[in-house]
Amino acid sequence: MDRIRQISATEDFVKQRISGYDSGHDWWHIERVRKLARYINEKEILVDPFTLDIAVLLHDTADSKFNKDNQENGYRILEEFMQSAGLDMLRDQVINAIKNVSFSNKKSHGDKSDPLLMVLQDADRLDAIGAIGIARAFNYGGFRNNPIYVPADLAGTHTPSTIGHFYDKLLKLKELMNTTTGKRLAEERHVILEKFLAEFFSEWEFGI
Ligand code: ADP
Ligand code: NI
């Protein structure tokens, strides 16, 4: 298979694998992360663009949230796909990056200083902040039927809420960026989160 066909086979595999996910993890998320990853990589030239494209496309296909009891099964399906598409040369590097990309994944799965992981993780995190990040957070909260805001528990420590998720995760992402370009973009998007929260609390407290 040539590279163009490998990309198109990977796109088809991803669309099929993520079809049951919530709309914060749909094909549009993959497209946005793809653009962000390409942009960061063009600015900093850290990794081979083809490898990056494959890693971005596949990065959510074995997500533990959507392969509930059987995440290993998700990785097995991914490995089989990469084999069948002639991508076995990239398999270990791509799977290592995917295993490490998640914020919620605190377990160590190998090399965390890999430039592929650095770019992929920055791009994925950028899609969780800014206006898109706000939209995704409220969409996910609705999907889980979580409250918007629990005033007694701002950080959402005991009662999950979407505003709580801002303090638990979203406001921290700016400090966790790996690349210079990612950091610059994250700072811009962080301002959007802060403006949104200021307006949210002001409306919540209306007249007080
Ligand atoms: P990661 O891939 O880093 O593990 P997730 O898959 O947990 O991230 O999150 C995907 C999207 O869903 C992000 O936009 C994130 O902010 C949002 N999200 C995750 N958990 C929550 C939550 N408890 N409340 C609101 N949004 C959430
Ligand atoms: Ni993602």
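First listed ligand is number 1; within each ligand, the first listed atom is number 1. It should be emphasised that the depicted structure is a prediction, and the values quoted were computed from it without experimental measurement. Below, each value reflects all heavy atoms present in this structure, side chains not excepted, and no hydrogens, waters or symmetry copies.
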Inset, instruction - Using a 4.0 Å heavy-atom threshold (strictly under), name the region of Arg125 that reaches ligand 1: side chain, backbone, both or neither. - result: neither
Inset, instruction - Classify the side-chain pair Thr179/Asp122 by whether it contains a donor and acceptor separated by less than 3.5 Å. - result: yes
Legend entry - N/O separation below 3.5 Å, Arg136 to ligand 1: yes
Legend entry - Name of whichever N/O/S atom of Asp60 is nearest to the Ni ion (ligand 2): OD2
Legend entry - Cluster link Met82 to Ile77, ILVMFWY, side chain under 4.5 Å: yes
Legend entry - Pairing of Glu11 and Arg34 as salt bridge, 4.0 angstrom limit: yes
Legend entry - Metal site angle (apex the Ni ion (ligand 2)), NE2 from His29 and NE2 from His59, 10 degrees: 100°
Inset, instruction - Salt-bridge test for Arg76 and Glu79: reply yes if a basic N is under 4.0 Å from a carboxylate O, no otherwise. - result: no
Legend entry - His29 versus Asp124, side-chain donor and acceptor atoms under 3.5 Å: yes
Legend entry - Proximal atoms of ligand 1 relative to Leu170 (non-hydrogen, under 4.0 Å): 16 (O)
Legend entry - For Asp124, atoms of ligand 1 separated by under 4.0 Å from a heavy atom: 2 (O)
Legend entry - Parallel, tilted or perpendicular, as decided by the 30° and 60° cut-offs, for the rings of Phe200 and Tyr149: perpendicular
Legend entry - Contact check: Asp60 vs ligand 1, nitrogen or oxygen atoms, below 3.5 angstrom: no
Inset, instruction - Out of Arg144, His165, His29, indicate the one that has the non-hydrogen atom closest to atom 15 (C) of ligand 1. - result: His165
Legend entry - Distance filter under 4.0 Å to Lys169 heavy atoms, resulting ligand 1 atoms: 1 (P), 3 (O), 5 (P), 7 (O), 8 (O), 9 (O), 15 (C)
Legend entry - Polar contact flag, side-chain donor to acceptor under 3.5 angstrom, Gln121-Asn178: yes
Inset, instruction - Output yes if His25 passes the N/O/S-under-2.8 Å test against the Ni ion (ligand 2); output no otherwise. - result: no
Inset, instruction - Compute whether any side-chain donor of one residue and acceptor of the other, for Arg136 and Tyr140, lie under 3.5 angstrom apart. - result: no
Inset, instruction - Return the name of the atom in Asp124, of element N, O or S, nearest to the Ni ion (ligand 2). - result: OD1
